[in-house]
J.: 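This is the structure, below, for whatever I ask next.
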There are 2 protein chains.
Amino acid sequence: MNIGEAAAASGLPAKTIRYYEEIGLIRPKRDGNGYRAFAEDDVHRLAFLNRSRGLGFSIEDCRALLGLYADDTRASEDVKRLAADHLTRIDARISELQALRATVAGLVDACAGDGRPDCPILEDLATGPLCAHQRPKPLA
Amino acid sequence: MNIGEAAAASGLPAKTIRYYEEIGLIRPKRDGNGYRAFAEDDVHRLAFLNRSRGLGFSIEDCRALLGLYADDTRASEDVKRLAADHLTRIDARISELQALRATVAGLVDACAGDGRPDCPILEDLATGPLCAHQRPKPLA
DNA sequence: ATGGAGGTTCCCGTAGCTGGAAGGTCAAGG
DNA sequence: CCTTGACCTTCCAGCTACGGGAACCTCCAT
């Protein structure tokens with residue numbers, strides 16, 4: 001199976017598959033012509049990666065998850081801890097965004113949004129309180 | 001005023017200030033020795049940037065906001081639209097994360113988290129449904 | 001004179017890919 | 001047999017918004 005078929009079967013773009021090989025998440029063999037030859041097991045790992053990335057796990061989390069998956073002497077405790085930590089980070093991020101949302105929504109509500117230049121949003125940005133340098137992470 | 005004082009006055013790290021100059025958000029003059037010389041207005045713009053970034057606006061949003069701020073013939077409508085779009089993106093992100101959270105929480109709850117290898121989390125990752133390649137953005 | 005606390009530029013690294021260039025390979029059609 | 005087009009390959013650049021650190025310069029106080 002070459003990369004195009006593996007992409008179709010796993011749901012991942014070919015570019016992503018090459019990247020995953022580069023960082024050592026999969027090790028497909030090669031045909032004589034240099035083409036990658038994906039075995040069923042490779043495709044299975046790719047689908048596993050597609051799903052774990054889809055749940056928001058980081059690449060390093062995924063690496064650990066693949067390791068646990070391959071180890072049949074694993075303790076489910078280890079898997080659960082990894083997922084629970086992930087959940088904690090998601091919750092932290094949601095809280096951060098909700099706080100942001102409240103502030104921005106307040107400003108939007110306060111602005112008339114008409115043709116005149118007076119704007120409480122700009123006034124707040126220009127004169128509001130300075131907090132320590134601490135950014136919300138980018139949205140995308 | 002040199003960069004250290006400007007940093008203290010605006011709440012931004014010196015590194016960030018240099019970066020903002022590089023991408024054209026500020027244009028401080030230079031002293032004879034090559035040191036940046038920040039005027040009150042520069043510091044004001046920096047504080048403005050600190051606050052707008054703190055509300056999660058992107059750099060390009062901040063550039064636009066600074067432009068609107070400097071233009072006293074602006075319509076508050078334009079400012080409001082920018083902020084409202086930002087709010088929309090925040091809400092979209094929150095929804096995305098809440099959906100993620102629900103799924104991950106379900107898996108965490110289902111896992112015994114003991115010393116045995118059986119784990120519904122791994123089972124789901126290994127055999128769950130494949131969705132189109134569409135990632136949640138990284139958390140950080 | 002000297003030491004240290006500032007300042008300067010420049011380049012690399014971050015996460016996780018995506019896009020594109022330059023080129024090799026394969027199967028089908030003329 | 002040759003060509004066309006769809007594949008495949010590698011490599012390099014770029015994305016966000018900076019932070020770390022090197023190598024070097026400048027100022028001020030002792």
Side-chain angles (χ1 to χ4, degrees), chain A residues 1-26 28-38 42 46 49-66 86 89-90 93 132-140, chain B residues 1-26 28-38 42 46 49-66 86 89-90 93 132-140:
Chain A
M1 198 186 313
N2 61 21
I3 203 171
E5 298 167 277
S10 67
L12 291 173
K15 276 280 192 184
T16 301
I17 296 177
R18 292 195 192 97
Y19 174 65
Y20 286 173
E21 183 189 18
E22 186 186 331
I23 63 175
L25 290 178
I26 49 165
K29 300 190 169 165
R30 298 292 181 126
D31 281 339
N33 55 14
Y35 286 20
R36 288 169 184 83
F38 294 86
D42 294 317
L46 287 172
L49 286 166
N50 187 5
R51 281 183 287 256
S52 12
R53 290 287 300 130
L55 291 181
F57 286 103
S58 71
I59 290 284
E60 288 316 310
D61 281 349
C62 291
R63 196 188 300 276
L65 285 168
L66 272 177
H86 181 44
R89 281 188 291 264
I90 293 173
R93 186 83 172 100
H133 175 66
Q134 194 183 354
R135 296 277 147 268
K137 331 289 180 202
L139 287 182
Chain B
M1 192 179 335
N2 59 24
I3 203 170
E5 298 167 275
S10 67
L12 291 173
K15 275 277 191 185
T16 301
I17 297 177
R18 292 196 190 98
Y19 174 65
Y20 286 174
E21 183 190 16
E22 186 186 330
I23 63 175
L25 290 177
I26 49 165
K29 300 191 168 162
R30 297 293 181 126
D31 281 340
N33 55 14
Y35 286 20
R36 289 168 183 83
F38 294 86
D42 293 319
L46 288 172
L49 287 166
N50 186 3
R51 281 182 288 255
S52 10
R53 291 285 301 129
L55 291 183
F57 286 104
S58 71
I59 290 284
E60 288 316 308
D61 281 349
C62 291
R63 195 188 300 276
L65 286 167
L66 272 177
H86 181 44
R89 280 188 291 264
I90 293 173
R93 186 83 171 100
H133 176 65
Q134 191 183 358
R135 296 277 148 268
K137 332 289 180 199
L139 288 182

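Note that the structure is a prediction, hence the values are computed from the model and not measured. Lettering of chains follows the sequences in order, A, B, ..., and the numbering in each one begins at 1.
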J.: Expressed as a whole number of angstroms, how long is the span from A:K137:NZ to C:dG16:P?
T.: 14 Å
J.: With a non-hydrogen cut-off below 4.0 angstrom, is B:R18 in contact with a base, only sugar-phosphate, or nothing?
T.: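 Here B:R18 touches the bases of the nucleic acid.
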J.: How far does OG of A:S52 sit from CG of A:L66, to the nearest 0.5 angstrom?
T.: 6.5 Å
J.: Applying ring-ring contact (aromatic ring centres under 6.0 Å, His included), can you list everything that pairs with A:Y35, at least two apart in sequence or on another chain?
T.: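 Expected list: none.
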J.: Look at the side-chain N and O atoms of B:H133 and state whether any lies under 4.0 Å from the OP1 or OP2 oxygen of C:dT18.
T.: yes
J.: Quick one: is A:R135 getting a side-chain N or O under 4.0 Å of the D:dT16 phosphate, OP1 or OP2?
T.: no
J.: Whole-Å distance between D:dC8 C1' and A:D31 CG?
T.: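 So the two atoms are 11 Å apart, to the nearest Å.
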J.: For the pair made of CD in B:E22 and P in C:dT9, what is the distance, rounded to whole Å?
T.: 10 Å
J.: Quickly work out the B:L12 CG to D:dC18 P distance and round it to whole Å.
T.: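 The answer, rounded to whole Å, is 8 Å.
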J.: Mind checking whether A:E22 and A:I17 have side chains closer than 4.5 Å, heavy atoms only?
T.: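 No. Closest side-chain heavy atoms not under 4.5 Å.
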J.: So that I can tick it off, tell me whether A:E21 and A:R18 are bridged by a salt bridge, with the cut-off set at under 4.0 angstrom between side-chain N and carboxylate O.
T.: no
J.: Within the side chain of B:H133, is there an N or O that forms a donor-acceptor pair under 3.5 Å with the backbone of A:T16?
T.: no
J.: Rounded to 10°, tell me the angle between the two end axes of the helix from C:dA1-D:dT30 to C:dG30-D:dC1, each built from five pairs.
T.: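 Terminal axis comparison yields 40°.
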J.: So which one's nearest nucleotide on DNA chain C is more toward 5', A:T16 or B:A37?
T.: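 Its nearest nucleotide lies further toward 5', so the answer is B:A37.
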J.: A:L49 has an atom CG; how far is it from atom C1' of C:dC17, in whole Å?
T.: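 Spelled out: CG on A:L49 to C1' on C:dC17 is 14 Å.
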J.: Could you tell me how far apart B:R53 (CZ) and D:dA17 (P) are, to the nearest whole angstrom?
T.: 5 Å
J.: Could you walk me through whether A:L25 and A:I59 pass side chain to side chain contact (heavy atoms under 4.5 Å, CB included), step by step?
T.: CA-CA 9 Å; A:L25 290 178; A:I59 290 284; 4.2 Å; yes
J.: Could you state the interatomic distance from OH (B:Y20) to CG (B:N50), rounded to the nearest 0.5 Å?
T.: 7.5 Å
J.: As a quick check of understanding, evaluate side chain to side chain contact (heavy atoms under 4.5 Å, CB included) for B:E60 and B:L65, giving each step before the final call.
T.: CA-CA 9 Å; B:E60 288 316 308; B:L65 286 167; over 6 Å; no
J.: Measure CD1/B:I3 against C1'/C:dT9 and give the value in whole Å, please.
T.: 12 Å
J.: How does protein reach along nucleotides 22-30 of chain D, written 5' to 3' as B (base within reach of a heavy atom under 4.0 Å), S (only sugar-phosphate), or - (no contact)?
T.: ----BS---
J.: Hey, does the side chain of A:H86 reach the backbone of A:D61 with a donor-acceptor pair shorter than 3.5 angstrom?
T.: no
J.: If you check the A:I59 side chain, which of D:dT10, C:dT9, C:dC17 turns out closest?
T.: C:dC17
J.: Would you say B:R30 places a side-chain N or O within less than 4.0 Å of OP1 or OP2 belonging to C:dT9?
T.: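 For C:dT9, OP1/OP2 do have a side-chain N/O of B:R30 under 4.0 Å.
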J.: Say whether, by atom type as modelled, one donor and one acceptor occur between the side chain of A:R93 and the main chain of B:L139 under 3.5 angstrom.
T.: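 It does hold such a pair.
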J.: Nearest to the side chain of B:P13, heavy atoms from C-beta on, is which of D:dT10, C:dT8, D:dG19?
T.: D:dG19
J.: Please tell me if A:Y20 has a side-chain N or O lying less than 4.0 Å from either OP1 or OP2 of C:dG16.
T.: no
J.: Given C:dG7, is OP1 or OP2 found less than 4.0 Å from the side-chain N or O atoms of B:R36?
T.: no
J.: Could you tell me how far apart A:Y19 (OH) and D:dC11 (P) are, to the nearest whole angstrom?
T.: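 It works out to 16 Å between those atoms.
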